[in-house]
Asker: 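Sending over a structure as structure tokens; questions will come in a sec.
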Amino acid sequence: MKSERLVEAALFSAAGPVTVTELREASGLDVRTIRSALKNLTEEYNGSDRAIEIAKMGPRYAMQVKKEYSTPASRLAELSVPKDVLKTASLIAYYQPILQSKLSELLGSKVYGHVRTLDELGLIRCRPKKNSVQLTTTKKFIETFGIDARSRSEVKAWIEGELSRKNGRSKS
Amino acid sequence: MKSERLVEAALFSAAGPVTVTELREASGLDVRTIRSALKNLTEEYNGSDRAIEIAKMGPRYAMQVKKEYSTPASRLAELSVPKDVLKTASLIAYYQPILQSKLSELLGSKVYGHVRTLDELGLIRCRPKKNSVQLTTTKKFIETFGIDARSRSEVKAWIEGELSRKNGRSKS
Amino acid sequence: MMASQTDFENVVNHLMFQKSIIDDDEDLQTKISRYVRIAEEMQRGTLVPSDDPFERCVAQVFELVVQQQFNPWDINLIEFSKRYMAKVRKSSDVNLIIAGKIVYMAWEILRLQSDFAVNRADRPETCELVFEGMDPAGFDLFSEPFDLSGGEALLYSEEMPIGERVRRRSERPVTLIDLLDAFEEAKKESDIKKELARFMKKYRRPDFDDKSHKESLEDDIADVWERIQRFGSGPIPASDLYLAGREDSVTVLVAMLFLAKMGKVHIWQERPPFGEIFLEVKVPWDIAHLEDAAAVEETQAEKVAVVK
């Protein structure tokens with residue numbers, strides 16, 4: 001049984017993004033073999049025209065639908081994040097740590113509902129501060145949106161990168 | 001965007017086996033194109049050494065792990081009974097008959113919710129006793145976990161046996 | 001001026017040190033260079049009274065530090081701000097808003113520890129420590145105006161950089177192994193509860209003999225243990241365990257100490273005194289996979305194997 005195939009099967013069946021340690025426990029393979037299998041699988045999937053990719057989020061790996069196929073696929077998948085909270089979520093990620101009161105100055109009072117939703121989904125963390133609530137993103141945020149980051153500051157940098165990439169592209 | 005890839009993305013993300021009609025609704029492709037895409041994908045997946053296959057179950061299609069890879073892979077999937085409920089179930093099986101009050105001394109007040117869930121699933125039986133409730137496992141418990149036992153006392157003995165076997169093995 | 005030149009030298013040295021450790025922040029570098037110039041001119045006695053109120057305030061801060069013999073490495077901010085406010089109230093030409101900013105600046109420059117300077121951007125929660133004993137609500141005048149910068153694009157754009165990624169939903173039936181693993185974990189949990197009960201009994205003080213308190217502590221520890229378990233293996237930052245508020249962070253910390261005492265977790269801190277506190281579970285997660293827990297298994301063998 002080839003190690004790539006064992007890791008492929010494990011990634012396919014995992015309930016969420018998994019670490020190399022978890023893959024080791026599931027497959028019984030050693031860490032080095034797993035790392036090399038992940039590398040080969042990433043090349044195999046991401047380099048081909050398949051609709052599925054292997055994504056890395058900080059220390060975790062996941063099999064997921066490539067972005068360009070997300071929309072048709074999402075009709076059969078059970079997604080949990082409502083579309084209308086995405087803007088609030090992006091702004092929190094970009095400006096974190098940010099006070100809820102500040103956010104409502106930017107987006108209006110609808111943010112209170114959005115913040116509750118994001119908190120319930122475990123995507124952000126709320127911490128009382130200065131008569132308001134300070135908001136930051138969580139590990140689950142990184143995983144849900146497939147961001148390659150390990151920390152809040154890396155999430156921020158990632159979004160900055162995406163923005164400037166987009167602006168650069170639109171200017172050219 | 002190739003139709004195979006759209007169908008691939010939809011199959012991957014579906015929560016369960018899907019019909020051609022459902023694939024049509026998700027992808028916006030016509031039925032003929034979908035059928036041909038399914039045929040091509042089946043050849044592509046099932047004919048290769050990949051760990052994943054396209055399976056047909058009556059009128060439904062699903063992407064799944066090939067049988068030879070399913071055991072290691074399943075370890076990372078999510079349990080259909082939540083893990084913390086399972087903890088409570090295992091203690092009931094081991095200490096049965098046990099009073100709910102005793103169980104909450106062992107694990108804290110969360111057991112009350114767990115007991116309700118397990119009762120609803122038909123895995124345990126609750127009987128009023130001494131201002132509390134006495135808990136035992138049911139036949140469905142034995143069936144669900146595939147335990148080789150006919151009675152409550154055999155369930156208990158079975159768990160003891162398995163545990164000492166496991167711990168014995170780990171020491172060697 | 002009563003202050004001696006050596007005292008000013010302390011301030012200059014301190015500023016130079018701060019400057020040397022913030023090589024990645026040009027703005028702060030420029031700011032500190034300006035403070036160094038002022039302190040040096042004061043040291044030489046060549047500082048010309050400036051028209052700039054900000055510069056005058058900076059000079060007053062340094063003068064106060066030197067006159068009151070504050071240690072630039074360890075300034076008591078509360079004492080300092082009290083004295084500084086008393087000083088500026090006497091001079092009519094000082095704007096109170098600016099004065100407030102100066103106290104903040106004085107803290108930033110003089111109280112700033114090296115770790116803090118480097119990690120500031122990542123660890124906003126550390127700011128809370130600085131304002132210990134003061135009402136943070138009154139400090140709003142120190143906060144920087146909100147700078148939208150690049151995020152403005154997010155605010156007015158319809159297309160978001162993030163989107164929920166589509167993955168499979170994986171469910172599977174429960175197996176025997178799962179049941180046994182769950183039993184091992186449940187056993188560990190109940191062992192913790194029992195050990196804690198013994199511990200509480202042993203160290204019970206007369207004024208501590210409060211059943212409800214004991215029970216709530218037990219519940220707290222069980223609750224924190226549950227939070228820890230959700231993270232799986234590997235080091236976990238303590239701040240990830242906090243849910244909300246100071247009270248919860250104290251609960252988590254106390255529970256962590258108990259768990260460490262029971263030998264369930266390792267605790268360590270990165271860069272004391274402000275660094276993140278980490279913990280790692282010592283008990284093997286999955287008894288079925290003992291290869292990485294062999295060392296722990298040896299010392300814990302009697303606990304793991306005992307099934308009454």
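Chain identifiers are assigned alphabetically (A, B, ...) following the order of the sequence lines, protein sequences preceding nucleic acid strands; residue numbering begins at 1 within each chain.
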Asker: What residues of residues 51-65 of chain A sit under 4.5 Å from chain B when only non-hydrogen atoms are counted?
Answerer: A:A51, A:I52, A:M63, A:Q64, A:V65
Asker: Select, from B:S27, B:A26, B:A10, the one with the greatest count of heavy-atom pairs under 4.5 Å involving chain A.
Answerer: B:A26
Asker: Supply the atom-to-atom distance B:E8 CD to A:K66 NZ, rounded to the nearest 0.5 angstrom.
Answerer: 8.0 Å
Asker: Specify the closest pair of heavy atoms between B:R5 and A:R50, including all atoms of both residues, with the distance to one decimal.
Answerer: CD-CA, 3.7 Å
Asker: May I ask you to check whether over 12 heavy atoms, not counting those of B:K83, lie within 6.0 Å of atom NZ?
Answerer: yes
Asker: Is any side-chain heavy atom of A:L11 less than 4.5 Å from a side-chain heavy atom of B:L76?
Answerer: no
Asker: Taking the side chain as every heavy atom from C-beta outward, state whether B:E25 and A:R75 have any pair of such atoms under 4.5 Å apart.
Answerer: no
Asker: Spell out, as yes or no, whether a donor-acceptor pair under 3.5 Å connects the side chain of B:S13 to the backbone of A:S74.
Answerer: no
Asker: For chain A, which candidate among B:D49, B:V18, B:V7 shows the most heavy-atom pairs at distances under 4.5 Å?
Answerer: B:D49
Asker: So, taking the atom named CZ in B:F12 and the one named CZ in A:F12, what distance separates them when rounded to the nearest 0.5 Å?
Answerer: 6.5 Å
